Amino acid sequence: MERKFKRIGVLTSGGDAPGMNAAVRSVVRTALQNCVEVMGIQGGYRGLIENDMKLLGPHDVSNIINEGGTFLYTDRCLEFKEEAGMQKALKVAAENKIDGLVCIGGDGTFRGAQDMSRRGLPCIGVTGTIDNDVSSSDYTVGFDTAMNTVIEMVDRLRDTCESHARCNVVEVMGRDAGYIAVNTAIATGATGCAVKEIPFDEAAVLEKIKLAKTYKKRNFIIIVSEGMGGEFGEALAKKIEAETGVETKFARLAHVQRGGRPTLRDRVAASRMGAHAVELLLEGKSNLIVTETDGVISEKDIEWALMYDRVYKGKAKPEEIAKLDPKVYEEMVALAKIKRDKFVELYELGNSISI
Ligand code: F6P
């Protein structure tokens, strides 16, 4: 087969995630092995607009598989959302002889990749966000590391809670999604967990704490997802203290969750996904997101994935649904139900085995 691609670009966009470097490394090494050059675009889509990029050789990506953050830097670029910004980016890509792009990030990044694909520049998305909120994929690069950071921090909080007989309400990231919260609540043995997706039974948590106090339990951890809103965690801490008599502190873990060395899970997922993205581009494919489903790395059409995401999150507008093939919509609803059920099952497990 005649090789169409001589040079591709790679960028990281949106919030950084541990494992993004491992993904870039995999993209670069896979492309070079196929005699395709790679431009490292700096600062996400902004780097494309501002022509901030450099050719990457095999050694430019040495010693980064273990590094957090993104050595290509990242940005949430508003200019790129406008047609003029996109046209600038396309022009710069053409001037730099970039035939295709690998875009590593979350949903915002994929919307950008979709826009570029529609305008003739082949793009493949690779998931990179700690939130794990790309609905078409079971897994996003960075999720495991962020959760391990959370459990390390919460284990420390538990030590001091035990010494002082206290409760700690801990707010974790995830944007509107409660994946980090639900999983870390189980892994830290939290007494309660509050996420936006499921009604929070405050009375039940208060009762649990009161009852456990009678068994002489001294430490309590409550995990709250940031999707519950900025004031929720602090207000809950005050309520717990007032209603149960257990002194209660509040901690927002915030951006500490985004840094640090990627775990094995993230290094491997990033390496698999990055290589697959390049393979797809070289096969002449475009407008796809690399996904993980039941452990298998494959791909989904970006249009489908973004629509499915809106269906899953209950954000799809009636006019959007009306435009879909009813069979496609039915399939999305069925898949969303399976995904939601798994989430609820995890949430309930956490509740049922904690005191
Ligand atoms: O998407 C990753 C994430 O860390 C979210 O969990 C959080 O809501 C958001 O980014 C924070 O964004 P910023 O880094 O712009 O404060």
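Counting starts at 1 for both ligands and their atoms, in listed order. The structure displayed is predicted, hence computed values, not measured ones.
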Give a table of atom pairs where an N or O of ligand 1 lies under 3.5 Å from a protein N or O.
from, atom 1, to, atom 2, distance (Å)
ligand 1, 1 (O), D131, OD2, 2.6
ligand 1, 1 (O), R175, NH2, 3.2
ligand 1, 4 (O), R258, NH1, 2.7
ligand 1, 6 (O), D131, OD1, 2.7
ligand 1, 6 (O), G174, N, 3.1
ligand 1, 6 (O), R175, N, 3.4
ligand 1, 6 (O), E226, OE2, 3.0
ligand 1, 8 (O), E226, OE1, 3.3
ligand 1, 8 (O), E226, OE2, 2.5
ligand 1, 10 (O), R76, NH2, 3.4
ligand 1, 10 (O), R175, NH2, 3.4
ligand 1, 10 (O), R258, NH1, 3.1
ligand 1, 12 (O), R76, NH1, 3.4
ligand 1, 14 (O), H255, NE2, 3.0
ligand 1, 14 (O), R258, NH1, 2.9
ligand 1, 14 (O), R258, NH2, 2.9
ligand 1, 15 (O), R76, NH1, 2.5
ligand 1, 16 (O), H255, NE2, 2.9

Inset, instruction - Please name all residues satisfying ring-ring contact (aromatic ring centres under 6.0 Å, His included) with F220, sequence neighbours left out, ordered by chain then number. - result: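 ring-ring contact (aromatic ring centres under 6.0 Å, His included) list for F220, sorted by chain: empty.
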Inset, instruction - Identify, with sequence neighbours excluded, every residue that meets ring-ring contact (aromatic ring centres under 6.0 Å, His included) alongside F200. - result: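 ring-ring contact (aromatic ring centres under 6.0 Å, His included) list for F200, sorted by chain: F232.
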Legend entry - Distance (rounded to the nearest 0.5 Å) between L72 CG and I104 CD1: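 Rounded to the nearest 0.5 Å, the CG-CD1 separation comes out at 7.5 Å.
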Legend entry - Atom pair CG (N96) and CE (M39), whose distance is rounded to the nearest 0.5 Å: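 Reported to 0.5 Å precision, the distance equals 4.5 Å.
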Legend entry - Under-4.0 Å salt bridge between E83 and R119: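 Answer for the salt bridge query: yes.
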Throw together a table of side-chain donor-acceptor distances under 3.5 angstrom for residues 233-243, partners on residues two or more places apart or in other chains.
from, atom 1, to, atom 2, distance (Å)
K239, NZ, E202, OE2, 2.6
E241, OE1, T248, N, 2.7

